[in-house]
Amino acid sequence: MKLRIKELLQSNPTEQQIEVQGWVKTCRDSGNLCFVEITDGSCLTGLQVVAEANLVNYESEIRRLSTGCAVQVYGKLTSSPAKGQTVELQAESLRIIGPVDPENYPLQKKRQSFEYLRSISHLRPRTNAFGAIARIRSELNFAIHRFFREQGFIQVHTPIITTSDCEGAGEMFTVTALPADKIQGVESFYQDFFGRRAGLTVSGQLQAEIFALSHSRVYTFGPTFRAENSNTSRHLAEFWMLEPEMAFCDLACDMELAETLVKDLVGTILAHCADELELFERFVSKGLLKKLETVQAQPFARMTYTEAIAALEQSGKRFDFPVQWGTDLQSEHERFLCEELADRPLIVTDYPKSIKPFYMRSNDDGKTVAAMDILVPGIGELIGGSQREERLDLLTGRMEEAGLNLKEYDWYVDLRRFGSVPHAGFGLGFERLVQFVTGMSNIRDVIPFPRTPGSAPC
Ligand code: 4AD
Ligand code: MG
C-alpha cells in the first residue's frame, strides 16, 4: 500500500521518487512557482507540493488548479523551509485526474455555514470540519470496541427489525411488505411478512439482556430508529446507540462502567485527535479542550432525582417548564444542573417510576426506580440506563400496568423464570458523544447522513 499523506508528513526526506494522490485544498501561484496544498482525507494538514515552471503543463494546467481538483503527483520528499511543516513534495510531474469547474463548485474557499453545508451533504465531508468529524467518529467507534474487548465483553448483533417496543413510547417505525391500500388497523399485519406488526428497533436492550443472561458481559452497538417528531439539535430519527448489559451487576456497578467508559473515550480522543480538537477549539467551541480535560480529571457529580428537583426549586431561576416531582427533567433543567450547579458531568439517579419504562427495577420506596441518566455540559442527556427488574412478579406487574401484551413478551419474562440474576445496562447516544467531544451544536452535523422529520436527502 502507498503511504497516505498523514504518514508522509511524519516521514523523513527521501531521495526516492514517490507518488501521491489527493485533492487540491489551495493553490498559491507566485509566478515561476506554485504551492499546491493537497489532502487525501487522512489528516487535517495537507501536504505542500512545490511545482516549478519547468513542468510541462505548468502554464496550461498547474497555474489554473482550483480547490477540489483531483491530482496525482510524482516527486521527492524534501525538508521544508516553511513554518509548520517538516517536509514538502518537490513535484517532478503533476497530473489532473479529475478537474473541477471553479465557477460551479459549491465548496468555495471561504468559510461556509454549517446550515448551508447541510444542504450539500454529499460534498461537506471534503471540508476541514466535516473531515475532522468523520475521523473523530471513526476513532470513537474503534475505541468503543477496544474498550469493551479489554473489559471482557462480547459484542452481540441485536436485530434491526423487531416486534418489541423496548421503550414503550410508541415511536417505532413500522416495517411492512403490504401495499399501502392493504393496511387498515393493526389486524392487517396478521397478513403481513412477519404475521404481526414489526418495526425498526428503538433499542437493542431487551435482546442484549438475553445474552447478558448467558454471557454475563455483552454490548450491542448499532443504528436505532425513533419516529419522534422532535426537531431539536439533539434528536435524530436514525442514530447509533451503544448498549452494554451486565449480569451480576447493580446500579452502582452500571454507573461505574459508564463513567469509566466516557473517561476512556474522551482520553482516547485527546490523545489521538489533537489536530482535530484544536480546530474545534478555535472555530467551534472555545474552552473545549479544558472541558474535556476536566471530564478526565474529576469524578462525575451524583445526585438523586429528588435532590435534583429540590436543587432546581431552590435555584431561584425561572424555567419555561415547571419543576415538579413526578415530571421528567427538561433540557433546560438538565443543563442548569450539570452546567451551572455541578459544572461537570452529572449522574442523576432514582427517577419516579411513573416516567420510566417497565423494565427498570423498583426501589424499596415503591415510588422510584433504579435508573440513572448521565448529563454532560452543552448536551444534556448523554446516557440513559438502569438496573433491570429481575423479580418475576414485580416485572409482570409493571408490564400489565404498562398495558403490554404479556404473551408477546413471554421470551423476556422467561429470563426471570429461569436463572434470573440482578443485571443492569445503559444506552449511550453515539452522536451526542460526538457532539460532546467536538463541541458541535447541532446533531445533524455529526452524523454523515442525518435523518430528521421531513428530511432524508442522500
Ligand atoms: O434513554 P434512552 O431512550 O434509553 C434506552 O433506549 C435504553 N433502552 C438504553 C439501555 O438501557 N440499554 O436512549 C439512550 C440514549 C440517550 O441517553 C441519548 O443519548 C440517545 O440514546 N438518544 C438519542 N440520540 C439521538 N436522537 C434521538 N432521537 C435519541 N433518543 C435517545
Ligand atoms: Mg433517556
Side-chain angles (χ1 to χ4, degrees), residues 140 148 153 156 158 162 164-173 200-212 217-246 249 251 253-255 257-258 261-262 265 305 328-331 333-334 338 345-349 351-352 355-361 369-376 378-389 412 423-437 440 442-447 449-453 455:
L140 281 171
F148 283 106
F153 282 65
V156 179
T158 50
T162 174
S164 50
D165 179 359
C166 171
E167 296 303 295
E171 291 159 351
M172 255 199 339
F173 283 101
L200 296 177
T201 183
V202 296
S203 159
Q205 176 198 320
L206 303 188
Q207 291 91 350
E209 282 186 54
I210 297 178
F211 276 79
R217 289 187 190 182
V218 301
Y219 71 104
T220 178
F221 182 28
T224 310
F225 309 86
R226 293 195 185 174
E228 55 185 334
N229 205 1
S230 328
N231 249 317
T232 79
S233 58
R234 303 178 316 134
H235 289 90
L236 290 163
E238 175 178 319
F239 62 99
W240 282 63
M241 190 169 20
L242 164 69
E243 296 180 277
E245 192 69 36
M246 289 166 292
C249 174
L251 191 68
C253 132
D254 201 32
M255 293 192 282
L257 179 78
L261 169 72
V262 172
L265 297 177
Y305 166 90
D328 214 353
L329 297 178
Q330 298 296 322
S331 172
H333 307 142
E334 293 180 342
C338 79
L346 166 69
I347 314 184
V348 180
T349 61
Y351 283 76
I355 55 169
K356 289 292 183 187
F358 70 92
Y359 55 72
M360 294 191 177
R361 190 180 197 276
V369 284
M372 62 108 178
D373 275 6
I374 302 191
L375 316 177
V376 295
I379 309 288
E381 182 187 336
L382 170 69
I383 286 178
S386 71
Q387 185 171 343
R388 319 307 187 190
E389 184 55 81
Y412 188 69
H423 61 289
F426 60 83
L428 175 150
F430 189 57
E431 283 70 28
R432 294 199 187 165
L433 175 69
V434 182
Q435 275 190 284
F436 181 59
V437 300
M440 291 293 289
N442 196 316
I443 198 164
R444 296 161 203 219
D445 296 332
V446 296
I447 185 161
F449 303 103
R451 271 86 182 92
T452 50
S455 170

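We count ligands from 1, going down the list as the structure has it; atoms in each ligand are counted the same way.
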Legend entry - contact_flag I443 ligand 1 heavy-atom lt 4.0 Å: yes
Inset, instruction - Provide, to 0.1 Å, the distance between atom 6 (O) of ligand 1 and the closest protein heavy atom, together with that atom's residue and name. - result: R226 NH2, 2.8 Å
Inset, instruction - Output yes when a side-chain donor or acceptor of R234 lies under 3.5 Å from a complementary backbone atom of R432, and no otherwise. - result: no
Inset, instruction - Give the intermediate values and the outcome of side-chain contact (heavy atoms from CB on, under 4.5 Å) for residues T220 and Q207. - result: CA-CA 9 Å; T220 178; Q207 291 91 350; over 6 Å; no
Legend entry - For atom 18 (C) of ligand 1, the protein heavy atom that lies nearest, with its residue and separation: R432 NH1, 3.5 Å
Legend entry - Those atoms of ligand 1 less than 4.0 Å from some heavy atom in R234: 25 (C), 26 (N)
Legend entry - Candidate with minimal heavy-atom separation from atom 11 (O) of ligand 1, of R388, E245, E243: R388
Legend entry - Proximal ligand 1 atoms for Y359, defined as those under 4.0 Å from one of its heavy atoms: 7 (C), 8 (N)
Inset, instruction - Only counting residues at least two apart or in another chain, list the ones meeting side chain to side chain contact (heavy atoms under 4.5 Å, CB included) with E171. - result: A169, R226, E228
Legend entry - For S203, the ligand 1 atoms whose distance to one of its heavy atoms is below 4.0 Å: 6 (O), 8 (N)
Inset, instruction - Return the residue, atom name and 0.1 Å-rounded distance of the protein heavy atom closest to atom 15 (C) of ligand 1. - result: G427 O, 3.6 Å
Legend entry - V202 N/O under 3.5 Å from ligand 1 N/O: no
Inset, instruction - Please confirm whether L236 comes within less than 3.5 Å of ligand 1 when only nitrogen or oxygen atoms on both sides are compared. - result: yes
Inset, instruction - Can you pull out the closest protein heavy atom to atom 16 (C) of ligand 1? Residue, atom name and distance to 0.1 Å, please. - result: E381 OE2, 3.3 Å
Legend entry - Closest protein heavy atom (residue, atom, distance) for atom 14 (C) of ligand 1: M241 SD, 3.4 Å
Inset, instruction - Looking only at protein heavy atoms, identify the closest one to atom 19 (O) of ligand 1 and say how far it is in Å. - result: L382 O, 2.9 Å
Inset, instruction - Provide the atom name of the closest N, O or S atom of E381 relative to the Mg ion (ligand 2). - result: OE2
Inset, instruction - Assess whether atom CZ of F148 is packed by more than 12 heavy atoms of other residues, nucleotides or ligands within 6.0 Å. - result: yes
Inset, instruction - Walk me through it: do M246 and Q387 pass the test side-chain contact (heavy atoms from CB on, under 4.5 Å)? - result: CA-CA 9 Å; M246 289 166 292; Q387 185 171 343; over 6 Å; no
Legend entry - Chi angles and distances behind the side-chain contact (heavy atoms from CB on, under 4.5 Å) call for M255, T349: CA-CA 10 Å; M255 293 192 282; T349 61; 3.6 Å; yes
Legend entry - Exercise: do E431 and Q435 side chains pair donor with acceptor under 3.5 Å: no
Legend entry - Shortest protein heavy-atom distance from atom 23 (C) of ligand 1, along with the residue and atom involved: F239 CE1, 3.4 Å
Inset, instruction - Identify, for atom 20 (C) of ligand 1, the protein heavy atom at the shortest distance, and state residue, atom and that distance. - result: G429 CA, 3.6 Å
Inset, instruction - Hey, could you give me the CG/CG distance between L329 and D373, rounded to the nearest 0.5 Å? - result: 8.0 Å
Legend entry - Gap between atom SG of C166 and atom CZ of F358 - 0.5 Å precision: 6.0 Å
Legend entry - Check: E167 N/O within less than 3.5 Å of ligand 1 N/O: yes
Inset, instruction - Examine distances only and state if a side-chain atom of R361 and a backbone atom of S386 form a donor-acceptor pair shorter than 3.5 Å. - result: no
Inset, instruction - Give a yes/no verdict on whether any heavy atom in F430 is under 4.0 Å from an atom of ligand 1. - result: no
Legend entry - Any P244 side-chain heavy atom under 4.5 Å of L257 side chain: yes
